[in-house]
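Just so you know, residue 1 is the first one in the sequence shown, and it goes up from there.
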Amino acid sequence: MERSYGHSSTHAVPGHEIIGRVTRVGNAVKKFKAGDLVGVGCMVDSDRTCPNCKAGEEQYCLSFSNADVQRRG
């Protein structure tokens, strides 16, 4: 957290993470196998192509249309 919203006396607790076990994979899947524990964070719908996504900061994706997401700049 880089305090994008300024000083706060409360802690941020992101939610909506999903975890589970892989049950099966397709022929093209190389990174996961059945039985692996996997998770999806609370950031979804990033384009993975903008400068922020390429820098590993999907939370600042330039393509987000969600009004709750603050962008740098």
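Applying the side-chain contact (heavy atoms from CB on, under 4.5 Å) criterion to Val22, with sequence neighbours excluded, gives Val25, Phe32, Asp36, Val38.
Residue pairs satisfying the side chain to side chain donor-acceptor pair (under 3.5 Å) criterion with at least one member in residues 22-31, sequence neighbours excluded, are absent. Annotation: salt bridge (charged side-chain N to carboxylate O under 4.0 Å, His left out) contacts involving residues 47-56, sequence neighbours excluded, are absent.
The distance from atom OG of Ser46 to atom CD of Glu57, rounded to the nearest 0.5 Å, is 12.0 Å.
The hydrophobic cluster analysis finds Ile19 isolated: no Ile, Leu, Val, Met, Phe, Trp or Tyr side chain comes under 4.5 Å of it, directly or through other members.
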